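What follows is one structure encoded as structure tokens, with my remarks underneath.
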Number of protein chains: 2
Amino acid sequence: MTQKDDFSLQDFLPFLLNRAAEDSSLEFQSHYKNRYGMLRNEWRVLFHLGTYGQMTAKDIGQRAKIHKTKISRAVAKLAERRFVSRSRDEKDRRSEHLRLTPAGEAAYRDLRSQAESYDAELAARFTPDEVALLRSMLRKLAGIEEPFAQSWEQG
Amino acid sequence: MTQKDDFSLQDFLPFLLNRAAEDSSLEFQSHYKNRYGMLRNEWRVLFHLGTYGQMTAKDIGQRAKIHKTKISRAVAKLAERRFVSRSRDEKDRRSEHLRLTPAGEAAYRDLRSQAESYDAELAARFTPDEVALLRSMLRKLAGIEEPFAQSWEQG
DNA sequence: CCTTGTTAGTTACAAAAACAACTATTAGGT
DNA sequence: ACCTAATAGTTGTTTTTGTAACTAACAAGG
């Protein structure tokens with residue numbers, strides 16, 4: 001007499017999402033952690049700068065929905081390790097432009113290729129249609145706009 | 001010249017999973033946090049005991065893949081608040097059987113109904129087929145066996 | 001130019017997680 | 001019985017996070 005009715009924890013979407021996220025993150029973590037001593041947020045910032053080029057901390061925060069304190073700390077670490085360089089905006093001296101150094105670029109390229117093959121590994125467990133639907137649903141749940149409906153809010 | 005090629009962070013499954021998980025957890029958090037002063041792991045333990053009845057800490061850990069130290073501290077809190085009762089196994093005095101008290105049952109029933117409607121709210125953004133597929137894919141990614149293929153490894 | 005309000009980013013402190021080391025108990029040889 | 005290893009759960013210490021408060025720079029109105 002342990003089993004109850006229809007709705008169990010293992011069906012609850014937030015639980016499932018967390019479990020799937022933890023499982024998949026944990027495995028990928030080893031790449032940026034062991035090889036570069038990076039933390040998750042540092043890797044995320046690195047990846048954003050690698051993908052989109054020069055950005056401010058605020059830009060990254062908006063795009064990735066990471067809180068500004070996390071970004072601040074991640075950028076500090078990355079700058080300390082000479083993976084990113086910072087330069088003040090002369091028009092608005094509150095904000096700084098961040099970009100990867102050559103060393104940062106190299107780390108980005110390496111990790112990006114790791115990420116691509118890991119993503120492919122995960123995706124291979126499903127059909128292409130299923131994966132496309134999964135990504136789209138996750139984007140919706142995460143409050144991230146669809147890639148083709150992007151609004152580039154800055155020039 | 002900011003846009004690069006095809007693969008961006010917003011397509012990377014571990015990133016998407018984490019973002020979706022954080023977003024959905026954060027919103028549901030208010031229920032167990034504000035109403036019962038619970039932490040996420042406490043709620044998970046409560047939910048497991050509510051769903052499956054009597055279990056040991058180890059059982060919960062295996063089923064939910066939560067580390068034993070988290071469970072230990074969650075159980076301590078729940079016991080302190082008289083939501084769970086503990087009783088030593090007389091055959092193996094290392095382990096204890098945990099079960100909900102009436103107060104724990106009440107909290108469980110309340111939170112469970114909150115969880116059900118929140119889950120329904122999330123699911124309503126998609127078609128039933130899509131949600132079923134999503135759950136199944138997440139289960140696979142999380143390393144959780146399909147519910148109809150469950151193996152009840154204990155008596 | 002001087003208030004008041006807002007924004008970009010940092011820092012400080014409290015809460016929670018991760019990890020290792022620990023106690024108590026059981027199990028399996030020999 | 002005794003030694004070693006394994007297991008259930010707890011505790012202590014170090015990292016990381018979350019939250020709030022802060023500094024510095026801008027902006028708008030008077």
Side-chain angles (χ1 to χ4, degrees), chain A residues 18-19 21-23 25-27 29-30 32-34 36-45 48-49 54-80 84-99 153-154, chain B residues 18-19 21-23 25-27 29-30 32-34 36-45 48-49 54-80 84-99 153-154:
Chain A
N18 265 287
R19 290 280 316 108
E22 261 171 56
D23 246 58
S25 295
L26 207 65
E27 197 166 333
Q29 194 183 29
S30 60
Y32 54 82
K33 196 173 184 181
N34 298 344
Y36 296 98
M38 279 184 204
L39 249 31
R40 197 170 47 142
N41 288 322
E42 292 161 36
W43 171 71
R44 284 178 175 178
V45 166
H48 271 259
L49 293 174
Q54 191 178 74
M55 300 176 91
T56 68
K58 189 195 171 190
D59 296 339
I60 300 174
Q62 285 186 329
R63 196 169 283 285
K65 287 208 188 159
I66 304 175
H67 191 95
K68 59 184 183 173
T69 60
K70 287 186 190 172
I71 299 191
S72 175
R73 291 194 249 243
V75 168
K77 281 273 189 196
L78 289 170
E80 185 188 307
V84 318
S85 64
R86 339 168 69 150
S87 68
R88 286 247 161 254
D89 182 323
E90 285 308 322
K91 305 214 186 253
D92 182 345
R93 302 184 37 72
R94 288 171 301 183
S95 67
E96 333 180 88
H97 299 289
L98 308 167
R99 59 169 47 258
E153 75 275 12
Q154 63 211 242
Chain B
N18 266 287
R19 290 285 317 113
E22 263 170 56
D23 246 57
S25 296
L26 208 63
E27 198 166 332
Q29 193 182 31
S30 59
Y32 55 82
K33 197 172 184 182
N34 298 344
Y36 295 98
M38 278 185 205
L39 250 32
R40 196 170 51 143
N41 288 323
E42 292 162 36
W43 171 71
R44 284 180 175 179
V45 166
H48 273 259
L49 292 174
Q54 191 180 77
M55 299 175 91
T56 67
K58 189 195 171 190
D59 295 339
I60 300 174
Q62 286 185 329
R63 197 170 281 286
K65 287 204 188 161
I66 304 176
H67 191 93
K68 60 184 182 173
T69 61
K70 287 185 191 173
I71 298 192
S72 175
R73 288 192 243 248
V75 167
K77 281 274 189 194
L78 289 170
E80 185 188 307
V84 318
S85 65
R86 339 167 68 149
S87 69
R88 287 248 161 252
D89 182 322
E90 285 307 323
K91 304 212 188 256
D92 183 344
R93 301 182 36 72
R94 285 170 303 183
S95 68
E96 337 179 86
H97 299 288
L98 308 167
R99 57 168 49 258
E153 75 276 10
Q154 64 212 241

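Reminder, nothing fancy here: chain letters follow the sequence lines and each chain counts from 1. These numbers were taken from a predicted model, which means no experiment stands behind them.
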- Residues that D23(B) engages under side chain to side chain donor-acceptor pair (under 3.5 Å), provided they are two or more places apart: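 For D23(B) the side chain to side chain donor-acceptor pair (under 3.5 Å) partners, ignoring immediate neighbours, are R19(B).
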- Query: Who are the side chain to side chain donor-acceptor pair (under 3.5 Å) partners of R99(B), not counting sequence neighbours?
  - Reply: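 Here no residue qualifies.
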Residues forming a side chain to side chain contact (heavy atoms under 4.5 Å, CB included) with [X], sequence neighbours excluded:
| X | answer |
| --- | --- |
| L39(A) | E42(A) |
| H67(B) | T69(B) |
| A76(A) | none |
| K33(A) | Q29(A) |

- Query: Which residue, H97(B) or E22(B), contacts DNA chain D at a nucleotide closer to its 5' end, judged by nearest heavy atom?
  - Reply: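 Result of the comparison: H97(B).
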- For Y32(A), which residues count as a ring-ring contact (aromatic ring centres under 6.0 Å, His included) partner, sequence neighbours excluded?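 For Y32(A) the ring-ring contact (aromatic ring centres under 6.0 Å, His included) partners, ignoring immediate neighbours, are F28(A), W43(A).
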- Item | Those residues that, when tested against E90(B), pass salt bridge (charged side-chain N to carboxylate O under 4.0 Å, His left out) (two or more places apart) |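 Scan of E90(B) (salt bridge (charged side-chain N to carboxylate O under 4.0 Å, His left out), adjacent residues dropped) gives R93(B).
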- Message: Just to verify, what does R86(A) make a salt bridge (charged side-chain N to carboxylate O under 4.0 Å, His left out) with, not counting sequence neighbours?
- Response: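 Checked R86(A) against salt bridge (charged side-chain N to carboxylate O under 4.0 Å, His left out); matches are E96(A).
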- Message: What's R88(A) touching, base or sugar-phosphate or nothing? Going by heavy atoms closer than 4.0 Å.
- Response: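 No contact at all - R88(A) keeps every heavy atom at 4.0 Å or more from the nucleic acid.
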- Task: Using chain A heavy atoms and a threshold of under 4.0 Å, write down where along DNA chain D the contacts begin and end, 5' to 3'.
- Result: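 From 5' to 3', the first and last contacting nucleotides are dT16(D) to dC26(D).
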- Query: Would D92(B) and R94(B) pass as an ion pair if we require N to O under 4.0 Å?
  - Reply: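 Salt bridge flag = yes for R94(B) with D92(B).
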- Task: Indicate for each nucleotide in nucleotides 16-21 of chain C, in 5' to 3' sequence, whether protein heavy atoms under 4.0 Å reach the base (B), only the sugar-phosphate (S), or nothing (-).
- Result: SSBBB-
Between protein and nucleic acid, restricted to nucleotides 26-29 of chain C and to nitrogen or oxygen atoms under 3.5 Å apart, what atom pairs and distances do you find?
unit_1	atom_1	unit_2	atom_2	d
dT26(C)	OP1	R93(B)	N	2.9

